[in-house]
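Please read the structure below before turning to the comments.
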Amino acid sequence: MVDDYLSQIIKHAIEKIEKIPRSSISSLLEEIFKERKIFSLIIDFGIRRAILVVDSSCRVIFFNSFCVKFGLIFEMDGNWVLSEDFKRHFDRILGLMIANKISFYKEDIEVSSKEGISSKTLVDRIFGVECFSKDFDNFCFTVTDKTEERLNVLDKMQEDSFISLSNLVSGVAHEIKNPLSAMYLHAKILRKILEKDSFDKLDILKEVDIILSEIERLNGIVNNFMFSLKPYKISEKYENINEIVREVLDFFLPEFREKRIKVEVILDESVPMVLCDRNLMKQALINLIKNSMDAIGNKEGVIEIKTYFTSKVDNDFVVVQIKDNGVGIPDEIKA
């Protein structure tokens, strides 16, 4: 290392100072000055942070230009002293380190600092402070301006919040579309029944019940959205999953016929009861089947719905499997 080599030369020169020619001393001083200039350049510009050395009374011993830029110190009566905002934090940190014999300490602090060296405008800024001491007589502080980094984090949080809100709105729009589509379809069926010269009252009541059920579901979706920040009260009971699947299939029966979709149902009647919220389970199955229908499109498709029981080392599961012969999930939205 250059500094070790230079230290050895200086030490040797001090020991032999009386015997060293003046020209050699002059060359040595020039070398020391040159090395100090290089060191100052590195400290000032190579390291983009404030470096400050103080004693246990917070008296300034050494500093670089960033200490002035950040507003850590200012000149008073020919001396450089700590600004009040920083001194308050540094006194506390020194007291903590000395009392607990901590050789290294770091934290983020918030202070009012000048916008630049020549600026008189004070702004609230976040600084990352690290302090090191070997002997608890002198303390070396390094200070980094983290304001922009913190603002970037806040911007990222805002962006994430916006994305979450967009996803929430998209999800609600998707949820609303399903019952609206079903209501439209069953209203068309109801109209066809009523257009006939003679019709069965039970057929009408069945279609009306389905429409009312969808209106109720739609109302629930809107209410959940309005109170999405509040906890949802889940109503759990032990349910027969096969019964829920059959109810959902009855609901989709007119759409299956209209779109000429063949449904293959394989239900294991021996599966145990499942603790769940019946309405949420139906909503989940409706969404999955609707996705299958969208994936199939206008072509004649096949949807397979299967239930079965599986046991693993850590847990037991009742599985509802929904499979279709549609196009699958596009890569661009798979995530």
Side-chain angles (χ1 to χ4, degrees), residues 1-7 9-11 14 28-156:
M1 297 291 290
V2 175
D3 58 342
D4 290 339
Y5 175 67
L6 194 61
S7 297
I9 293 174
I10 294 169
K11 185 180 177 183
I14 291 169
L28 179 62
L29 290 174
E30 285 179 10
E31 191 68 27
I32 292 171
F33 181 70
K34 192 194 302 179
E35 291 293 336
R36 190 188 184 288
K37 281 181 70 177
I38 294 171
F39 178 73
S40 296
L41 283 170
I42 293 170
I43 292 297
D44 273 342
F45 302 106
I47 303 172
R48 308 290 294 178
R49 62 185 64 192
I51 297 178
L52 177 72
V53 180
V54 299
D55 63 14
S56 57
S57 301
C58 271
R59 184 175 62 87
V60 176
I61 297 172
F62 173 85
F63 64 91
N64 69 347
S65 62
F66 278 89
C67 291
V68 182
K69 181 178 180 181
F70 290 167
L72 271 73
I73 60 173
F74 65 97
E75 193 173 11
M76 185 176 69
D77 300 330
N79 296 314
W80 289 97
V81 295
L82 279 166
S83 65
E84 194 59 41
D85 280 332
F86 279 98
K87 188 175 187 305
R88 176 167 47 87
H89 288 289
F90 287 7
D91 278 338
R92 176 178 52 80
I93 291 171
L94 292 191
L96 185 68
M97 292 178 68
I98 293 169
N100 296 283
K101 297 297 180 184
I102 301 170
S103 59
F104 178 76
Y105 180 83
K106 69 175 183 177
E107 70 171 70
D108 290 348
I109 62 172
E110 183 175 343
V111 298
S112 295
S113 174
K114 291 192 292 185
E115 286 187 318
I117 293 174
S118 59
S119 174
K120 293 184 179 179
T121 306
L122 291 175
V123 293
D124 291 332
R125 305 190 76 85
I126 306 296
F127 291 97
V129 177
E130 295 183 356
C131 185
F132 170 78
S133 180
K134 192 174 182 180
D135 52 16
F136 299 104
D137 289 328
N138 296 316
F139 297 82
C140 179
F141 284 93
T142 60
V143 181
T144 311
D145 191 342
K146 288 188 170 182
T147 310
E148 294 301 322
E149 179 185 320
R150 186 67 63 88
L151 288 174
N152 289 337
V153 169
L154 291 174
D155 287 344
K156 181 69 169 61

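As the structure is a computational prediction, the values presented were derived from the model and not from experiment.
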Any side-chain heavy-atom pair from [X] and [Y] closer than 4.5 angstrom?
{"X": "F132", "Y": "E130", "result": "no"}
{"X": "R92", "Y": "I109", "result": "yes"}
{"X": "F66", "Y": "V143", "result": "no"}
{"X": "V129", "Y": "H89", "result": "no"}

Closest contact, heavy atoms only, [X] versus [Y]:
{"X": "I51", "Y": "C67", "value": "O-SG, 3.1 Å"}
{"X": "C58", "Y": "F90", "value": "SG-CB, 4.0 Å"}
{"X": "L82", "Y": "V60", "value": "N-CG2, 4.3 Å"}
{"X": "L96", "Y": "I102", "value": "O-CD1, 4.2 Å"}
{"X": "R49", "Y": "N64", "value": "O-ND2, 3.0 Å"}
{"X": "C131", "Y": "I93", "value": "CB-CG2, 4.3 Å"}

Can you name the side chain to side chain contact (heavy atoms under 4.5 Å, CB included) partners of S56, sequence neighbours left out?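 With sequence neighbours excluded, S56 shows a side chain to side chain contact (heavy atoms under 4.5 Å, CB included) to I98, F139, given in chain and number order.
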
For R59, enumerate each residue passing the side chain to side chain contact (heavy atoms under 4.5 Å, CB included) test, keeping only those at least two apart in sequence or located in another chain.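 So R59 forms a side chain to side chain contact (heavy atoms under 4.5 Å, CB included) with D55.
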
From [X] atom [atom1] to [Y] atom [atom2], the distance as rounded to the nearest 0.5 Å:
{"X": "D135", "Y": "S103", "atom1": "CG", "atom2": "OG", "answer": "11.0 Å"}
{"X": "M76", "Y": "F74", "atom1": "CE", "atom2": "CZ", "answer": "5.0 Å"}
{"X": "I73", "Y": "L52", "atom1": "CD1", "atom2": "CG", "answer": "6.5 Å"}
{"X": "Y105", "Y": "S133", "atom1": "OH", "atom2": "OG", "answer": "15.0 Å"}

Please check if any side-chain donor atom of D85 sits under 3.5 Å from a side-chain acceptor atom of S83, or the reverse.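 No.
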
With a cut-off of 6.0 Å (strictly less than), are more than 12 heavy atoms of other residues, nucleotides or ligands near CD of E75?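 For E75, atom CD is crowded (more than 12 foreign heavy atoms under 6.0 Å).
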
Before giving the answer on side chain to side chain contact (heavy atoms under 4.5 Å, CB included), spell out for N138 and F62 the whole-Å C-alpha distance, their side-chain angles and the decisive distance to 0.1 Å. CA-CA 10 Å; N138 296 316; F62 173 85; over 6 Å; no

Applying ring pair (Phe, Tyr, Trp, His ring centres under 6.0 Å) to F127 and F86, what does each step give before you reach the verdict? CA-CA 10 Å; F127 291 97; F86 279 98; 5.3 Å; yes

